[in-house]
Amino acid sequence: MFGATEQGDWMKFLCLTSDDRHPVAEELRRQGQAVFSTADVVEAGAALGHGPVDVLVVDAADLVEDARWLDALRTRARPEEPLVLGLARDGTDAALEPLLAAGVDEFLVEPFTPVQVRARRLLLERRVAARRQRRTSEAEARGEVARLASIIQMQSDVAMAGYGLDELMRLLCERSRLLCGADGAAVALLGADTDEEVNYLVASGSLTPFIGFRLKVEGSLTGASLLRGEVMRTDDSEADVRVNVTALRQVGARSMICVPLWREGRPVGVLNVTSRRPNTFEDRDVRTLELMAGLLGAAMGNAAEAQARQELMVQNTLAMGALEESQELFASFMDNIPAVAFMKDERGRRIWVNARYSRFFGYPVGADMSNVSDVELMPAASAEQSRRDDDAVLTSGKQSITEMMVPARDGTERHWLTYRFIVRERSGRRLLAGVAVDVTDRKAMQAQLVVSDRLAAVGTLAAGVAHEINNPLAFVLSNLSFLAGELHALAPELPSGRMAELEEVLREATDGAHRVRQIVRDLRTFSRGDDEVATAVNVQAVLESAITLARSELKLRAQLVRDYCEVPLVEGNEGRFGQVFLNLLINAAQAIPMGQSEQHEVRLSLRSTGDRVIIEVRDTGVGMPPEVRARIFDPFFTTKPVGEGTGLGLSICHGIVTGFGGDISVESEEGRGSTFRVSLPVARRAKEPVEPPLRMPLVG
């Protein structure tokens with residue numbers, strides 16, 4: 001119904017329109033998206049029922065009289081409701097009101113330019129991806145454990161099976177492709193007589209036809225990985241200057257990871273995985289390939305040593321040496337994996353644990369823990385759950401994945417995702433093996449995502465409230481202006497002195513109404529949804545909006561001092577920068593004790609130097625010791641009591657500023673306050689002249 005594209009990285013759009021060549025639908029098709037158009041609501045419902053549909057495109061004109069049909073249509077979607085993109089004739093409140101009432105996720109205003117369509121499409125893609133990420137976070141955690149178990153099992157296979165080097169390279173190559181979800185994988189080695197090119201000796205998947213292909217080391221990502229001895233990764237070869245684009249187009253690859261293979265202290269080859277799609281691989285894929293490359297490099301070293309030993313000793317001695325080395329490699333691998341691992345016999349005694357397991361429970365590495373019971377290591381409730389989970393796997397013989405809390409030695413709660421499975425010794429004895437990954441930080445991030453969703457809802461509510469306040473506010477200002485005129489007309493009929501009193505009352509009412517209008521305007525600034533769109537931004541205006549919202553926090557703690565110079569527009573996003581400056585102002589206020597505002601100040605400085613604009617937020621608060629200052633931008637780091645801070649505010653500020661090409665730093669000393677300095681790049685193309693500085697008192 002929707003058709004296919006060559007890219008494979010598209011979303012499905014359902015456009016409710018009678019125009020088969022609607023400009024938005026046509027532009028989405030030109031951008032490689034799958035688009036289906038219909039004017040029949042019944043046909044649209046059938047399409048949604050057969051789904052999945054990512055985005056539903058509707059016109060505001062179709063929602064004016066009754067929007068309930070849209071809600072009914074959404075419920076027909078399978079497996080979940082699509083996002084809604086609304087189309088409006090213009091940007092007036094009247095034109096946008098039906099879309100806002102219907103709760104659309106994004107909207108476009110005529111004329112529907114390619115840039116606007118692409119920008120909204122990218123925002124919708126991010127929302128779809130975020131929604132899918134939330135749904136699959138637990139599955140990803142399980143997949144991470146399963147992947148780790150697969151690597152462990154494969155390492156055991158390598159240690160026990162005694163594969164030849166060629167067979168081992170093929171095995172590791174194919175397993176690397178499967179574990180990373182890649183289209184192709186290959187092993188390339190330097191030639192015996194030259195260091196200028198590599199030869200692809202083994203390949204799997206889409207790279208199989210290129211076995212024997214020779215690639216020059218100079219000018220390629222594979223060559224750079226080999227020469228520098230570092231992991232190289234490209235998420236989109238078409239936009240990466242390090243990549244030999246011609247060669248990757250020839251093999252049909254857009255994403256690639258290159259991991260060097262080491263032997264005798266120097267890189268001798270590269271393990272590659274590729275994908276036809278951009279942005280395919282993640283950091284965990286890099287870690288997986290590093291483990292694979294370590295196994296392959298060790299295997300290559302083993303092969304070279306085995307060849308030398310064959311000339312010096314008999315076959316039995318060689319086999320024993322290879323086995324011992326493989327066992328050492330297994331022990332080293334297990335002691336350095338980012339997880340705790342153990343094996344128990346059927347009586348529940350630990351017959352083996354890795355180094356990370358021993359250290360977590362406070363035992364020396366290599367200590368005998370066979371007679372240590374679960375109750376000695378963890379609370380009674382956790383020990384009982386562990387025993388039940390062990391018995392379930394031993395009884396059924398089936399692997400399991402469970403989550404439980406086991407505190408660290410200092411009492412900190414740590415949550416573990418444990419993968420249990422059965423292994424057998426050559427004698428036939430069954431052992432229970434387990435690998436546990438610490439998912440505490442991931443659970444904290446999931447909780448933060450829930451908070452972020454709530455904040456997004458608050459932002460949407462703020463935008464709606466601001467819109468609703470603006471209309472009656474306009475009536476108030478208009479009536480106040482009318483009353484002022486009428487008052488001057490009635491001045492001769494009023495008693496002496498009465499006119500001045502009434503004028504003062506009207507002036508105060510007008511000032512208050514304008515103050516409300518400014519607050520509404522600031523609320524709109526902080527509720528905008530175009531977070532990722534970079535434009536030319538007036539920093540001073542953003543600072544003033546942040547001051548307005550932070551005024552209640554500042555006035556009881558310090559005097560606000562403005563030190564502004566005229567500066568050019570900067571490259572960025574007004575809403576995102578507002579979030580940064582509001583956070584810095586509130587942090588500055590909270591660093592100052594309550595009730596001594598005349599003795600403290602928060603100073604805002606604004607100046608430009610070269611092609612940068614510098615914003616400083618300086619306070620006279622308590623300051624920070626060096627150990628706090630060194631970690632102030634780390635995620636989840638906070639000095640506030642438990643329950644009062646997430647430790648993400650300054651980390652998010654750092655991400656926003658650096659994401660738009662800027663820098664953020666801090667200078668602080670205990671007892672002498674702190675200074676946060678933000679440096680932003682000047683806008684490349686200023687679309688409007690810089691407004692002159694607002695005339696405000698130096699102390700506010």
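The residues of the chain are indexed from 1 along the displayed sequence.
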Do [X] and [Y] come within less than 4.5 Å of each other through their side chains, counting heavy atoms only?
X: M232; Y: V286; result: no
X: C180; Y: L289; result: yes
X: L108; Y: L85; result: yes
X: E544; Y: R562; result: yes
X: V537; Y: N573; result: no
X: N272; Y: C258; result: yes
X: P82; Y: V55; result: no

By side chain to side chain donor-acceptor pair (under 3.5 Å), which residues pair with [X], not counting sequence neighbours?
X: E218; answer: none
X: T609; answer: none
X: T92; answer: D90
X: E601; answer: R603

Ion pair present between [X] and [Y], side-chain N to carboxylate O less than 4.0 angstrom?
X: R254; Y: D236; answer: yes
X: R287; Y: E290; answer: no
X: D283; Y: R233; answer: yes

Q: Just grab all the side-chain hydrogen bond (donor to acceptor under 3.5 Å, both in side chains) pairs involving residues 660-669, residues at least two apart or on different chains.
A: R612-D663, E667-R677, S668-S674
Take a 6.0 Å sphere around [atom1] of [X] and say whether it holds more than 12 heavy atoms from other residues, nucleotides or ligands.
X: R242; atom1: CZ; answer: yes
X: F107; atom1: CZ; answer: no
X: R30; atom1: CZ; answer: yes

**Q.** Sole residue of V561, L584, L560, D563 in side-chain contact (heavy atoms from CB on, under 4.5 Å) with L604
**A.** L560
**Q.** Between Q31 and E27, a side-chain donor and acceptor under 3.5 Å
**A.** yes
Q: Check side chain to side chain contact (heavy atoms under 4.5 Å, CB included) between L122 and all other residues, then give those that pass, not counting sequence neighbours.
A: R118, E125, R126
